[in-house]
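Accompanying notes for the structure given below.
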Protein chains: 2
Amino acid sequence: MTQPELKDISPTELEVLKVLWQQAPLSANDIVEALNQGGEWHEKTVKTLINRLVNKGALGFKKDGRAYLYFPTLAEHSYQRKESQSFIQRVFGGKLAPLVAGFAGSNKLTQEDVAELKQLIDAWEKEQKHD
Amino acid sequence: MTQPELKDISPTELEVLKVLWQQAPLSANDIVEALNQGGEWHEKTVKTLINRLVNKGALGFKKDGRAYLYFPTLAEHSYQRKESQSFIQRVFGGKLAPLVAGFAGSNKLTQEDVAELKQLIDAWEKEQKHD
DNA sequence: CCAAACCTATTACAGTTGTAATCGTTATTG
DNA sequence: CAATAACGATTACAACTGTAATAGGTTTGG
């Protein structure tokens, strides 16, 4: 039995989700405020996005008096995994390495990135061995 | 002076571009045919996509009698670089490693991927040294 | 208690996208 | 030559997006 098959989340909707992935549950106003540390978003716009996310099943809420407290229905990691896979599929025909190569080639790889990658590879190789 | 600032390319439009990245220039019919090795696309639909890509500036064409021969105006690598960067920015706040970690964690990393990653890292480190 | 403030829900509206059909023009075929 | 087929261009149309404004109901400040 698979999940209710969440509809696609648009880029602006994602910004709302990101806020709630950092902290939840939050009221609509909390979300508006969080988003307004930085780029400006009109309050009405944010509320529309919240509403759409609820309709798409990406947010749930509990009543708190007259207002609602919203929370995500999916974990950030799940979202990231699914999006990564579909992105890599769409743009790179499913191959991961060319993406990393692109970063390397355009000087977007930092020392830190490389260190982390090495660590991931080590972990992966260890995993393979004792499996 | 930056480029004419190409509009966004939709997922279905991308399928058309991919065909032309493999071989160009091609007639509309060649493209239709290429796309119909596999998933089915209605001829009219494909022609619409081609037209939109031309309007977006992502395709150019030369006349060949009554028909046109189309070709991409941007290289696949450029497209991939730009999309990767915006994807990683949007979904991972700009950090590459977590994407790779996600692949590793969900058993999507193949032996081959890892071999390629190691090679990329080696190359990167060599590059750093003699710079 | 009544008006003002505040919630969420509903409505708006143009641009994009997926998916085609139709139009106008040129080429082709009988 | 006349009917038809084949092209690209234009038009269609609903769903999704970005960006809000309005409506309807409740709370609260005076």
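Within every chain, numbering begins at 1; the chains are lettered A, B, ... in the order of the sequence lines, protein sequences first and strands thereafter. Predicted model, so just to flag it, every value in this text is computed and none were measured.
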Under 4.0 Å between a side-chain N/O of Thr48(B) and OP1 or OP2 of dT19(C), yes or no? no

CG of Leu69(A) versus C1' of dC7(C): gap in Å, rounded? 13 Å

Tell me which nucleotide among dC7(C), dT22(C), dT16(C) gets nearest to the side chain of Lys7(B). dT16(C)

Hey, does the side-chain of Arg52(B) have a donor or acceptor N/O within less than 3.5 Å of a partner on the base of dT19(C)? yes

Salt-bridge test for Lys129(B) and Glu125(B): reply yes if a basic N is under 4.0 Å from a carboxylate O, no otherwise. no

Does His42(B) have a side-chain nitrogen or oxygen under 4.0 Å from the phosphate oxygens OP1 or OP2 of dG18(C)? no

Check whether any side-chain N or O of Asn36(A) sits under 3.5 Å from a backbone N or O of Glu33(A) as a donor-acceptor pair, and report yes or no. no

Using rotation axes that map the C1' atoms of four end pairs onto the next four (five pairs an end), what angle separates the end axes of the helix from dC1(C)-dG30(D) to dG30(C)-dC1(D), to 10°? 20°

Would you say Val114(A) and Leu117(B) are hydrophobically clustered, going by side-chain heavy atoms of ILVMFWY under 4.5 Å? yes

DNA chain D: 5'-most and 3'-most nucleotides touching chain B, 4.0 angstrom heavy-atom criterion: dC7(D) to dA12(D)

Could you state the atom-to-atom distance from NZ of Lys63(B) to P of dA27(C) in whole Å? 12 Å

Starting at CG of Leu14(B) and ending at P of dT16(C), how long is that distance when rounded to a whole Å? 18 Å

For Ser10(B) and Asn29(A), find the nucleotide of DNA chain C closest to each by heavy atoms; which residue's nucleotide sits nearer the 5' end? Asn29(A)

Atom CG of Leu26(A) and atom C1' of dT8(C): how far apart are they, to the nearest Å? 17 Å

Residue-phosphate contact under 4.0 Å: Arg66(A) side-chain N/O, dA5(C) OP1/OP2: no

With heavy atoms under 4.0 Å as the rule, sort Lys47(B) into base, sugar-phosphate or nothing. sugar-phosphate

Look at all strands and tell whether Tyr70(A) reaches a base, only sugar-phosphate, or nothing, counting heavy atoms closer than 4.0 Å. sugar-phosphate

Presence of Asn51(A) side-chain N/O under 4.0 Å of dT8(C) phosphate oxygens OP1/OP2: no

To check you understand the geometry: which heavy-atom pair defines the closest contact between Arg81(B) and Gly102(A), and what is its length? CD-O, 3.9 Å

Tell me if a side-chain donor or acceptor on Thr73(B) pairs with a main-chain N or O of Gly57(B) at a distance below 3.5 Å. yes

Glu13(A) pairs by salt bridge (charged side-chain N to carboxylate O under 4.0 Å, His left out) with which of Arg52(A), Lys7(A), Lys18(A), Lys56(A)? Lys56(A)

Expressed as a whole number of angstroms, how long is the span from Leu49(B):CG to dT16(C):P? 15 Å

I'd like to know whether CD of Gln23(B) has more than 12 heavy-atom contacts from other residues, nucleotides or ligands below 6.0 angstrom. no

d(CD1, Ile50(B); P, dG18(C)) in whole Å: 15 Å

For the backbone of Leu74(A) and the side chain of Trp21(A), can you confirm whether one donor and one acceptor N or O come within less than 3.5 Å of each other? yes

If you assign Thr45(A) and Glu13(A) each to the DNA chain D nucleotide with the nearest heavy atom, which residue ends up on the more 5' nucleotide? Glu13(A)

Nearest-Å distance, CG (Asp64(A)) to C1' (dT8(C))? 14 Å

Do any N or O atoms from the side chain of Asp113(B) and from the backbone of Lys95(A) form a donor-acceptor pair under 3.5 angstrom? no

Distance, rounded to the nearest Å, where Lys44(A) contributes NZ and dC13(C) contributes P: 17 Å

Just checking, is any N or O donor in the side chain of Asn51(A) or Thr48(A) under 3.5 Å from an acceptor N or O on the other one? no

